[in-house]
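One is the number of the first residue; the rest follow in order along the sequence. Remember, it's a predicted structure, so these values are computed and weren't measured experimentally.
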Amino acid sequence: MTSPTSPAGGSPPSAAPLKAQPQPDELPVMDTPYVPPPPVGPQAMMRPVGPGAPFGWLAAGWRDLKAHPGIGLFYGLCFWLMAITLGAVFRAKPEYTLTIASGCLLVGPFLAMGLYEVSRRREQGLKPELGASLTCWDSHIRSMGMLVLVLIVLELLWGRASLVVFAVFFNTGMPSTTGVLKAVFNPDNWEFIAVYLAVGGMFAALVFSTVVVSIPMILDRDTDAVSAAITSIRVIFSNLGVMLLWGVVITALIAVALLPWGLGLVVIGPLLGHASWHAYRGTVRWQDAAAKPDDNSGQVN
C-alpha cells in the first residue's frame, strides 16, 4: 500500500530547489557631493552698524515726524489713548489688565506699520497720506496676523511665568496684578525682585528680538512672518551691542513719555515708529541671489 503523500509506485518527491533571490541593485554613487542650488530672489544681508547708529535713526525719524506732523499727531493720540485705557483698567479692574494689554498688542503693530508706511513713501519720493498709512496692512494681513498671534502667545506665557515666580516666593495664593506690583516695589523682597526681573527681561528680549525689524520687513518685502522674525533675530546677533543700546534707548524714551499722564507718547510714539523704519533700513540690505559661477572659473590661464 502506498503512502497517501507519495505518488503510486514511487519514492516521495524531493524538495523543490530554492530559487535564487534577486540581488538588490547597488545604490548609485555620486561622483561629486550634492550642492543645493543657490536661492532664488533677493537675500537679506546684515549691515554692520556703529554705536552711534541708534541716534542717527532717531534723527531720521524726527525729520519724518516734522515733515508730516499731522499724521504723527494722529498716531501719537492713538498710542496715548491706548496707554490711558490700559491705566484706567488697571486702576478699576486690575484682573482685566492682561486682556487689555493683549488688545494693545493686537492694535499696536498695525498702527506702527502705518508710521513705517509714511517713512517708506518719503524715502521713495512719494507723498505720504493718512488714508494710505491706515490701510497699508491690508495686503499683508496674513503675515501680520501670524506675527501678532506670536506676540500674544509670548505675552500670555510671560504672564504665566510671572505668576509661577510669585507662587514660588509667596504662599498667598494666586496674586492680583496689584499684588504683584506691591511685591515688586517692596525692597525687602530683593530675591523675588531679582528673579522676577530676570524672567521678565528674558521675555522682553525675546519679543524685542522678534519684532525689531520684522514688521518693517513685512511692509517692505511682503515676506512671511517666520522669515521676518528670523531676519530680525539675525539682526540682533549681527549687531548685538548696538541693538542692545537701541533697546535701552526705546525703553528709556517710553519710560519718560509715560511720566506726565502718558502725554509724552503723543510725540515719542510716532518718533519711535519712524525711527524703527530707519533701524530696519540701516541694518538690513537686500542683495540679488548670486549668479551661477562659470564652469571655467577655476581654471588657471
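Thr231 pairs by the side-chain contact (heavy atoms from CB on, under 4.5 Å) definition with Ala44, Met46, Met217, Val284, not counting sequence neighbours. The side-chain hydrogen bond (donor to acceptor under 3.5 Å, both in side chains) search around Asn239 returns none, not counting sequence neighbours. Not counting sequence neighbours, the partners of Val199 by the side-chain contact (heavy atoms from CB on, under 4.5 Å) test are Ala161, Val165, Val195, Phe203. Listed by chain and number, the residues in a side-chain contact (heavy atoms from CB on, under 4.5 Å) with Arg47 are Arg285 (sequence neighbours excluded). With sequence neighbours excluded, the residues satisfying side-chain hydrogen bond (donor to acceptor under 3.5 Å, both in side chains) with Gln124 are Arg120. With sequence neighbours excluded, the residues satisfying side-chain hydrogen bond (donor to acceptor under 3.5 Å, both in side chains) with Glu123 are Trp277, Arg281.
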Would you mind writing out the side-chain donor-acceptor pairs for residues 256-276 within the sub-3.5 Å range, not counting sequence neighbours?
{"from": "His274", "atom 1": "ND1", "to": "Leu115", "atom 2": "O", "distance (Å)": "3.4"}
{"from": "His274", "atom 1": "ND1", "to": "Ser119", "atom 2": "OG", "distance (Å)": "2.8"}
{"from": "Ser276", "atom 1": "OG", "to": "Leu272", "atom 2": "O", "distance (Å)": "2.7"}

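Annotation: ring pair (Phe, Tyr, Trp, His ring centres under 6.0 Å) contacts involving residues 107-157, sequence neighbours excluded, comprise Phe110-Trp137. The ring pair (Phe, Tyr, Trp, His ring centres under 6.0 Å) contacts involving residues 44-65 comprise Trp57-Trp246, where partners must be two or more places apart or lie in separate chains. Pairs of residues two or more places apart, or lying in two chains, never qualify as salt bridge (charged side-chain N to carboxylate O under 4.0 Å, His left out) while including a residue from residues 69-89. Residues in residues 221-250 take part in no salt bridge (charged side-chain N to carboxylate O under 4.0 Å, His left out) pair, two or more places apart or across chains.
A heavy-atom distance below 4.5 Å is found between the side chains of Ser232 and Val213. Side-chain contact between Val211 and Pro109 is absent, with no heavy atoms from C-beta onward closer than 4.5 Å.
Summarising the hydrophobic clusters (Ile, Leu, Val, Met, Phe, Trp, Tyr; side-chain heavy atoms under 4.5 Å, direct or chained), the residues clustered with Phe237 are Ile233.
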